Every structure is written in C-alpha cells, then in structure tokens.
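Working notes for the structure below.
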Amino acid sequence: MKEQLIKAMQRNQLLNMMYMAKDGTVSKRRIKIIKIVGNSFQAYCFTRQAKRIFMIDSVLAVVPVIHKDRSVVC
C-alpha cells in the first residue's frame, strides 16, 4: 500500500480512499497526498476540506480519480 501512495504522491494524483478510523468506522475520502512520514501520511481531504494525517495501515483501498473529458459532437 505504501508504494501505491508514494506513486500517487509523485504523480500528483487525486485518490478515492476507503479508510478505517480507530473506532472501526469506515469512510470514503477524496484526498491528495502532501507527504509520507514513516507509517503515516499527510493529505488534503476534499471530503473534510482540511489537511489530515492518516495511518497507512488503516487504508483499506485507494483508487486514482480519473477525469473523463467531455466533448461536444457537432
């Protein structure tokens, strides 16, 4: 998982993340990773509109956000 997060940070990618909090609740977040330190990382959370620190071991899944271009056909 750490390797995926490092690649996403290097590529400046937005991620959709499934995350389990300390109390066991699972949330879906849209994030952009700022830095990775040890077993945690700092990211801007678009869901909470604030910088947050996440534990790598608590990340259940990450998927890059893919923007599809909308084109107008004339």
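Given the structure is predicted, the values throughout are model-derived calculations rather than measurements.
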Would Met55 and Lys22 count as a side chain to side chain contact (heavy atoms under 4.5 Å, CB included) if you check the C-alpha gap in whole Å, the side-chain angles of each, and the deciding distance to 0.1 Å? CA-CA 10 Å; Met55 299 303 297; Lys22 290 179 187 175; 5.9 Å; no
Once you round to the nearest 0.5 Å, how far does [atom1] of [X] lie from [atom2] of [Y]?
{"X": "Leu60", "Y": "Ser27", "atom1": "CG", "atom2": "OG", "result": "9.0 Å"}
{"X": "Leu5", "Y": "Gln13", "atom1": "CG", "atom2": "CD", "result": "11.0 Å"}
{"X": "Ile56", "Y": "Gln4", "atom1": "CD1", "atom2": "CD", "result": "11.5 Å"}

Got a donor-acceptor contact below 3.5 angstrom from the Lys2 side chain to the Asp57 backbone?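 It does not hold such a pair.
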Backbone N/O of Arg30 and side chain of Thr47: donor-acceptor pair under 3.5 Å: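 Indeed, once roles are kept as given, a pair shorter than 3.5 Å links the two residues.
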Could you walk me through whether Val37 and Gln42 pass the side chain to side chain contact (heavy atoms under 4.5 Å, CB included) test, one step at a time? CA-CA 8 Å; Val37 180; Gln42 183 181 32; over 6 Å; no
Transitive ILVMFWY side-chain link [X] to [Y], under 4.5 Å:
{"X": "Ile33", "Y": "Val63", "answer": "no"}
{"X": "Met1", "Y": "Ile36", "answer": "yes"}
{"X": "Met20", "Y": "Met18", "answer": "yes"}
{"X": "Val65", "Y": "Tyr44", "answer": "yes"}
{"X": "Leu14", "Y": "Val62", "answer": "no"}

Go through the structure and list residues passing ring pair (Phe, Tyr, Trp, His ring centres under 6.0 Å) with Phe41, not counting sequence neighbours.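 Phe41 satisfies ring pair (Phe, Tyr, Trp, His ring centres under 6.0 Å) with Phe54 once adjacent residues are dropped.
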With side chain to side chain contact (heavy atoms under 4.5 Å, CB included) as the criterion, how do Lys32 and Asn12 come out once you've worked through the C-alpha distance, each side chain's angles and the decisive distance to 0.1 Å? CA-CA 7 Å; Lys32 182 174 182 186; Asn12 244 1; 3.3 Å; yes
